[in-house]
Trainee: 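The structure's right below; bear with me while I get my questions together.
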Amino acid sequence: MTTLTGESLIGSQTLLGEGNEFTATAPARSETLIGTFRNLNLAQASQAVEKAAAAFQPYSQLHPHKRADFLAAIADQIEAIGDPLLERASAESGLPMARLTGERGRTCGQLRLFANLVREGSWVDARINPALPDRQPLPRPDIRRMLVPLGPVVIFGASNFPLAFSVAGGDTASALAAGCSVVVKAHPAHPGTSELVGRAIQAAATQTGMPEGTCSLVHSDNEVAQAIVAHPAIKAVGFTGSRAGGLALLRVAQARPEPIPVYAEMSSVNPTVILAGAMQERGTAIAEGLAASVTMGVGQFCTNPGIVFVLQTGKLPDFLGTLGAKIRDSVPATMLTPGIRDNYSRGIGTLTHLPDVTLLAQSETNARSIQTEGRPAILTTTGNAFQHNPALSHEVFGPSSLVVVCANETELAACLQTMEGQLTATIFATDSDLTNSSHNWVALLQEKAGRLLFGGYPTGVEVCEAMTHGGPFPATSDSRTTSVGTAAIERFVRPISYQSFPDALLPLALQQANPLGILRTVNGVKV
């Protein structure tokens, strides 16, 4: 195992914290892992922010291809760590090596995807309206517009993706691609993994000659983390985690003399709707796929299908029977932390004690450790109960789902109307289901989610140009953005127009000769 120092990484330097000391725990074995870490105090954490502030201007002004080289180098350095990174991540999270191998591939893939985006360059949305000096009754000045980076940003690592949504994850990759300097707050559940990846970023920054302080990794408690958000040099926040945590950061950001955007992914139950025709044609197959989706990764995906709406039809007993059997045959597995496992167990306990809620099935294999393993479960309730008890729509983070049995389509539509914003919504339907219904199911679900699926399962999130991983509040704090895919870069930029500027003073993307060779819009025409 690569030696861990427990230090924070401030630009190219290391800094041992003067705050609380802590260690990482292996949830699968309930034992302390090698390595002692120290949180930074406020003064020390401020050093990271100040370095990020000093690095922002020179980093943002680099030729785009140099930023792209940096992103690609980070991916190379992460891969160069080899198995020790996966072994540490597995020990800290309880996730299997195969899952983490795929997650490392996703992490490096999205870094290279953003590198390619920056090299291609048209993401800056350059728009040019050349001067019209002879226009009557008034001449038009030369006006040129593009997107520019916001400034230093702070990123919070997520517990459920120790690589892909952590130190070098999508938030960091998109912020660095935009030209922002970054301070990453390591998640305390996987500090060793965070240090290894942080050192990979350090090495890549040195290799490619990045300005000092372009990216830093800090260990800190929540109080210091909130103080970083409040620091006047920070211009945006990226967060993936609980609703309580996201809202706490949002309050801090809004209370600043200069409020800043917080891009927080927080809470989603990802409703699945199964209409009568689909249930009749393939209810058993849907139940089998649903059980696999619910239990994938011990249910610790933000896109876990937590609520399933069905109609009271003749095929419903077969669907419930198959779903229940699959869940009973499933095997409990280690959850990310004892706290997450405890919250999951409490959530299931709360639901089972509510009126009109029935525990349909639970894994028949008892969890080996009350501290670590989540036991898959399926519960049922009625559409009427769902409409009148908001607690039934709350997220239970883990391998479970609530099946809501609706008397008819009108009741089903009413249930959907009561729901909050979601990351995803899924519909299983036949052509007849859609053409013969008095409800526009697609339009209804579109109001509630950032990604709609037809006849699939939401737990796979493709990293690509067309992906939206976001949604109306409280799924995220800003439904206009995504945290996955190349459009994520738009979170960390703002538009600016240059009027009547000498060509030599313009950014390369707006200069008359188009030295970057990017696609631009000139007088409304893309050229």
Side-chain angles (χ1 to χ4, degrees), residues 56-57 59-68 71 110 112-151 153 170 173-180 235-236 260-261 263 442-443 446-447 449-452 462-472 476-527:
F56 170 65
Q57 187 174 29
Y59 179 67
S60 66
Q61 297 299 312
L62 287 175
H63 192 286
H65 292 189
K66 290 188 177 294
R67 294 207 305 271
L71 291 166
Q110 63 194 6
R112 294 182 175 119
L113 183 67
F114 278 107
N116 291 337
L117 179 76
V118 173
R119 286 193 185 99
E120 188 275 333
S122 63
W123 71 271
V124 300
D125 191 24
R127 305 182 185 197
I128 298 173
N129 291 113
L132 297 174
D134 299 325
R135 189 184 67 175
Q136 296 297 326
L138 294 173
R140 182 179 75 187
D142 184 277
I143 302 175
R144 300 175 183 233
R145 179 189 189 272
M146 66 178 291
L147 300 175
V148 297
L150 285 176
V153 304
S174 55
L176 290 173
C180 296
K235 301 302 180 184
I260 58 173
Y263 300 108
V442 174
Q446 182 175 296
E447 295 179 8
R451 176 165 60 109
L452 303 185
E462 183 70 22
V463 181
C464 63
E465 289 81 3
M467 178 54 65
T468 296
H469 189 63
T476 65
S477 56
D478 190 332
S479 64
R480 299 168 296 176
T481 67
T482 177
S483 62
V484 175
T486 54
I489 200 171
E490 297 170 5
R491 297 173 297 168
F492 302 115
V493 295
R494 63 181 178 87
I496 185 170
S497 293
Y498 298 85
Q499 183 168 324
S500 302
F501 257 61
D503 193 66
L505 295 182
L506 286 168
L508 294 177
L510 295 178
Q511 289 180 7
Q512 190 65 24
N514 191 10
L516 297 178
I518 64 174
L519 186 66
R520 308 189 295 186
T521 302
V522 180
N523 283 334
V525 179
K526 290 189 180 296
V527 294

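Heavy atoms only: backbone and side chains are in, while hydrogens, waters and symmetry mates are out.
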Trainee: Check the surroundings of atom CD in Gln57: do more than 12 heavy atoms from other residues, nucleotides or ligands lie under 6.0 Å from it?
Mentor: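 It does not: Gln57 CD has 12 such atoms or fewer within range.
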Trainee: What is the distance from atom CG of Leu519 to atom CG of Asn514, rounded to the nearest 0.5 Å?
Mentor: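 Those atoms lie 9.0 Å apart.
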Trainee: Say you draw a straight line from OG of Ser122 to CG of Leu516; how long is it, rounded to the nearest 0.5 Å?
Mentor: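 The OG atom of Ser122 sits 11.0 Å away from the CG atom of Leu516.
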Trainee: For a quick test of reading the model, state the closest non-hydrogen atom pair linking Gly450 to Pro472 and the distance between them.
Mentor: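 Minimum heavy-atom separation between Gly450 and Pro472: N-CD, 4.2 Å.
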Trainee: How long is the gap from CZ on Arg127 to CG on Leu147, to the nearest 0.5 Å?
Mentor: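 It comes to 8.0 Å.
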Trainee: Do you know which two heavy atoms are closest between Ser500 and Pro141, and how far apart they sit?
Mentor: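 Answer, listing the atom of Ser500 first, then Pro141: OG-CB, 3.5 Å.
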Trainee: Could you tell me whether a side-chain N or O of Arg140 sits under 3.5 Å from a main-chain N or O of Pro130, the two making a donor and an acceptor?
Mentor: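 A pair under 3.5 Å: yes.
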Trainee: Using the test ring pair (Phe, Tyr, Trp, His ring centres under 6.0 Å), find all partners of Phe56 that sit at least two apart in sequence or belong to another chain.
Mentor: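 Phe56 satisfies ring pair (Phe, Tyr, Trp, His ring centres under 6.0 Å) with no other residue.
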Trainee: Restricting to non-hydrogen atoms, name the atom on Ile143 and the atom on Ser497 that form the minimum distance, rounded to 0.1 Å.
Mentor: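 It is CG2-CB, 4.3 Å.
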Trainee: Report yes if the side chains of Arg451 and Met467 come closer than 4.5 Å at any heavy-atom pair, otherwise no.
Mentor: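 They are in side-chain contact.
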Trainee: Tell me the ring pair (Phe, Tyr, Trp, His ring centres under 6.0 Å) pairs involving residues 498-518, sequence neighbours left out?
Mentor: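 Matches after skipping sequence neighbours: Tyr498-Phe501.
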Trainee: Between Asp125 and Arg145, does the side chain to side chain contact (heavy atoms under 4.5 Å, CB included) criterion hold? Intermediate values first, please.
Mentor: CA-CA 8 Å; Asp125 191 24; Arg145 179 189 189 272; 3.8 Å; yes
Trainee: Could you tell me which non-hydrogen atom of Val463 sits nearest to which non-hydrogen atom of Gly485, and how far apart they are?
Mentor: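 Shortest heavy-atom separation between Val463 and Gly485 comes out as CG1-N, 4.4 Å.
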Trainee: Tell me every residue that passes ring pair (Phe, Tyr, Trp, His ring centres under 6.0 Å) with Tyr59, counting only those two or more places apart in sequence or in another chain.
Mentor: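 If we apply the ring pair (Phe, Tyr, Trp, His ring centres under 6.0 Å) test to Tyr59, skipping adjacent residues, there are no hits.
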Trainee: For the backbone of Pro64 and the side chain of Arg67, can you confirm whether one donor and one acceptor N or O come within less than 3.5 Å of each other?
Mentor: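 Not a single qualifying donor-acceptor pair exists.
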Trainee: Return the minimal non-hydrogen interatomic distance between Ala488 and Val484, and the atom names on each side.
Mentor: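 Looking at all heavy atoms of both residues, the shortest contact is CB-N, 4.4 Å.
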Trainee: How long is the straight-line distance from CZ of Arg119 back to CZ of Arg112, given to the nearest 0.5 Å?
Mentor: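 One gets 10.5 Å once the value is rounded to the nearest 0.5 Å.
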Trainee: Between Arg520 (side chain) and Ala509 (backbone), is there a donor-acceptor pair under 3.5 Å?
Mentor: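 A pair under 3.5 Å: yes.
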Trainee: With heavy-atom distances below 4.5 Å as the criterion, would you say the side chains of Leu150 and Arg491 are in contact?
Mentor: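 No, every pair of side-chain atoms sits at 4.5 Å or beyond.
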Trainee: Kindly say whether Thr481 contributes a backbone atom to a donor-acceptor pair with the side chain of Tyr263 at under 3.5 angstrom?
Mentor: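 Side chain of Tyr263 to backbone of Thr481, a donor-acceptor pair under 3.5 Å: no, none is there.
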Trainee: Starting at CZ of Phe114, measure out to CG of Leu71 and round the result to the nearest 0.5 Å.
Mentor: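 So the CZ of Phe114 and the CG of Leu71 are separated by 8.5 Å.
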Trainee: I'd like to know if the side chain of Thr482 and the backbone of His469 have a donor-acceptor N/O pair within less than 3.5 Å.
Mentor: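 Here the side-chain-to-backbone pair exists.
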Trainee: Rounded to the nearest 0.5 Å, what separation is found between the OG atom of Ser174 and the CG atom of Leu113?
Mentor: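 Result: 11.0 Å between the selected atoms.
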Trainee: Would you indicate whether Arg135, at its atom CZ, is surrounded by more than 12 heavy atoms from other residues, nucleotides or ligands within a distance under 6.0 Å?
Mentor: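 Atom CZ in Arg135 is crowded, with more than 12 foreign heavy atoms closer than 6.0 Å.
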Trainee: Looking only at non-hydrogen atoms, find the nearest pair between Ile489 and Leu117 and report the distance.
Mentor: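 Looks like CD1-CD2, 3.9 Å.
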Trainee: Ignoring hydrogens and angles, tell me if any N or O in the side chain of Gln511 forms a donor-acceptor pair with the backbone of Leu506 under 3.5 Å.
Mentor: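 Answer holds: yes.
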Trainee: Under a 3.5 Å cutoff, is there a donor and acceptor pairing between the side chains of Asp142 and Asn129?
Mentor: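 There is no such pair between these side chains.
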Trainee: Short question: side chain of Asn116, backbone of Glu120 - any donor-acceptor pair under 3.5 Å?
Mentor: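 Answer holds: no.
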Trainee: Do the side chains of Pro507 and Arg144 get nearer than 4.5 Å, heavy atoms only?
Mentor: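 Side chain of Arg144 against side chain of Pro507, heavy atoms only: no contact under 4.5 Å found.
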